[in-house]
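Just so it is clear, the values below take in all heavy atoms, side chains as well, and ignore hydrogens, waters and symmetry mates.
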Amino acid sequence: MGTPLPLPLPLLLLLFIFLCLAPSPLCTAIRSFPAAADVPRFAEAPEYRNGRGCPAVSPASSSCDPSLVHVAMTLDSEYLRGSIAAVHSVLRHASCPENVFFHFVAAEFDPASPRALTRLVRSTFPSLNFKVYIFREDTVINLISSSVRQALENPLNYARNYLGDILDPCVDRVIYLDSDLVVVDDIRHLWETPLRRSRVIGAPEYCHANFTKYFTDAFWSDPVLSRAFGSREPCYFNTGVMVMDLARWREGGYRKRIEGWMEVQRRRRIYDLGSLPPFLLVFGGNVEAIDHRWNQHGLGGDNVRGSCRSLHPGPVSLLHWSGKGKPWVRLDERRPCPLDHLWEPYDLYSKRGGRFGFGFGSGSGSPSSFSSSGSTLMMGYTSYLL
């Protein structure tokens, strides 16, 4: 018999694929990749337009436009539904919605990729001015200590510490908002809050709260550590709603100050909550007090039971479901608290049509197929705009 003819290359490839699909030790070195992470489907929001007297904004507005109101939020798969509702609420009540610019910070290794989240925001809010920034979790992961609730250990909770590094240098003022809230007033009223006496942040303060409970006995019994407050008279404030002067933040090196206290926490265990106590240590007693109407917080209940809460007395401009219970979870489980129904009108989650993926699977292109700001920011933060 003669030497068999070699098989054409296409047939060889088909044979190799067939062998790999069959159970065989030949394919033990070939990895299978999981399907792209599912992202919830959201209905497209109504198109909100500026009223009379609003500053003109160019169609391709950059974040450096001085007429803009800057809002920073995080985006992740767990709280995505809350983030979308929060954005919707801001636009719905803004007198100049086209002048609101959103800065979204997404975790590098979230099940929903930053690219997927960018596409989702664009499809839900087609005319929204925004950027999505990638937050490298290894920036902060070694500084995080255990907390009373695992959700508080999420590295993305600490992204607010790095806004001065993440956002464009021309952005010298921003409103930071958590993902579990809705705004029921014109966001410009909060934006125009003056930060007097060179203060760096403004937030509603709650001086009747027992401030000592936010730190351990080890902290208060150490004369060096407890001296941190010096002559200040600190009051509790919630970091889920803050007006931040980023120019002063950068000049004063406040990121480093917060990280310093996180390093002390890793060695000494001086508090039990997550990202809040370092802010209290650095800013407590030196916060511009904003009207309580701008953070009706605690509606999610405490950090253990998540029990129902009622509103604080007085007018309301912002409802905040801080604490364990989240309105979308309780509504889906058909055990809502009474105030959860105030969140529901802003929910754009589509309960019909199932879920769909936005990953880097077939047909979705590569990371280079969407535009970026053209610059990699310090500490590995990159901004993307689809």
Non-hydrogen side-chain atoms of N129 and E98 separated by less than 4.5 Å: no
Enter the distance from D180:CG to L299:CG here, rounded to the nearest 0.5 Å. 9.0 Å
Decide if atom CG of D217 counts as having more than 12 heavy atoms of other residues, nucleotides or ligands within a radius under 6.0 Å. no
Any side-chain heavy atom of D165 within less than 4.5 Å of one from R255? yes
Between the main-chain N or O of H312 and the side-chain N or O of Q296, is there a donor-acceptor pair closer than 3.5 Å? yes
Taking atom CG of N50 and atom OG of S95, what is their separation to the nearest 0.5 Å? 8.0 Å
Decide yes or no on side-chain contact (heavy atoms from CB on, under 4.5 Å) for F219 and R269, but give the supporting numbers first. CA-CA 8 Å; F219 173 83; R269 189 71 182 180; over 6 Å; no
Any donor-acceptor N/O pair, S179 side chain to S83 backbone, under 3.5 Å: no
Please answer: with hydrophobic residues joined when any side-chain heavy atoms are less than 4.5 Å apart, are W220 and L281 in the same cluster? yes
Can you tell me if CD on E233 sees more than 12 non-hydrogen neighbours from other groups inside 6.0 Å? no
Assess the side chains of D340 and W321: does a donor N or O sit below 3.5 Å from an acceptor N or O? yes
Rounded distance (nearest 0.5 Å) linking atom CZ of R119 with atom OG of S113: 9.0 Å
Could you check if a side-chain atom of C337 sits within less than 4.5 angstrom of a side-chain atom of R309, using non-hydrogen atoms only? no
With side chains defined as the heavy atoms from C-beta onward, is the minimum distance between P336 and H341 less than 4.5 Å? yes
Closest contact, heavy atoms only, L128 versus V87: CD2-CG1, 4.2 Å
Do T239 and R160 pair up side chain to side chain, a donor and an acceptor below 3.5 Å, judged on atom types alone? yes
R173 charged N/C atom sitting above W191 aromatic ring, 6.0 Å / 45°: yes
Aromatic centroids of F102 and H70 separated by under 6.0 Å: no
Between OH on residue Y346 and CD1 on residue I84, distance to nearest 0.5 Å: 16.0 Å
Carboxylate-amine/guanidinium proximity below 4.0 Å for K324 and D302: no
I want to know whether F135 and Y162 have ring centres closer than 6.0 Å. yes
To the nearest 0.5 Å, what is the distance between OG on S89 and CG on L181? 7.0 Å
With a 4.0 Å cut-off on N to O distance, would you call D222 and R268 a salt bridge? yes
Side chain of T118, backbone of V132: donor and acceptor closer than 3.5 Å? no
Tell me whether the rings of Y79 and W328 are parallel (<30°), tilted (30 to 60°) or perpendicular (>60°). perpendicular
State, without any angle test, whether S350 and R41 hold a side-chain donor-acceptor pair at a distance under 3.5 Å. no
Shortest non-hydrogen pair, V241 vs A203, comes out as O-CB, 3.6 Å
Does a side-chain heavy-atom distance below 4.5 Å link E78 with L80? no
Exactly one candidate in L177, D185, V90 meets side chain to side chain contact (heavy atoms under 4.5 Å, CB included) with L318; the answer is L177
4.5 Å side-chain heavy-atom contact, L156 and V105: yes
Can you confirm if the aromatic rings of F42 and H88 lie within a centre distance of less than 6.0 Å? no
For R250 versus G164, what's the shortest heavy-atom pair and its separation? NE-O, 2.7 Å
Which atom of P55 lies closest to which atom of N99, heavy atoms considered: O-ND2, 3.2 Å
Can you check side chain to side chain donor-acceptor pair (under 3.5 Å) on Y176 and D178, steps first, answer last? CA-CA 7 Å; Y176 175 80; D178 269 352; 3.2 Å; yes
To the nearest 0.5 Å, how far apart are CG in N286 and SG in C235? 11.5 Å
Yes or no on salt bridge (Lys or Arg N to Asp or Glu O under 4.0 Å) for R81 and D347, after CA distance, side-chain angles and deciding distance? CA-CA 7 Å; R81 190 168 166 187; D347 185 18; 2.8 Å; yes
Assess the residue pair S63 and H103 against the criterion (side-chain contact (heavy atoms from CB on, under 4.5 Å)); give the C-alpha distance rounded to whole Å, side-chain angles, the decisive distance to 0.1 Å, and a yes or no. CA-CA 9 Å; S63 62; H103 303 265; 4.0 Å; yes
Steps toward side-chain contact (heavy atoms from CB on, under 4.5 Å) verdict (L75, V121): CA-CA 10 Å; L75 279 181; V121 172; 3.9 Å; yes
Set out, in order, the CA-CA distance, both residues' side-chain angles and the distance that settles side-chain contact (heavy atoms from CB on, under 4.5 Å) for L319 and H297, then state yes or no. CA-CA 6 Å; L319 299 152; H297 71 286; over 6 Å; no
Is a donor from one side chain sitting under 3.5 angstrom from an acceptor on the other, for D110 and S77? yes
State, with a plain yes or no, whether a side-chain heavy atom of F125 is found less than 4.5 Å away from one of F130. no
Partner of F283 by ring pair (Phe, Tyr, Trp, His ring centres under 6.0 Å), out of Y254, W261, F229: Y254
hydrophobic_cluster_shared for Y158 and F109, side chain cutoff 4.5 Å: no
Return yes if some donor-acceptor pair links the side-chain N/O of H292 with the main-chain N/O of E205 below 3.5 Å, else return no. yes
So, N295 and H320: side-chain donor and acceptor under 3.5 Å apart, yes or no? yes
How close do M244 and I201 get, heavy atom to heavy atom, and via which atoms? CG-CG2, 4.2 Å
Checking D168 side chain against C170 main chain: does a donor-acceptor pair fall under 3.5 Å? no
How far apart are the closest heavy atoms of Y271 and P278, and which atoms are they? OH-CG, 3.3 Å
So, do Y236 and Y214 sit near enough that their side-chain heavy atoms are less than 4.5 Å apart? yes
Residues E47, R49: salt bridge by 4.0 Å N-O rule: yes
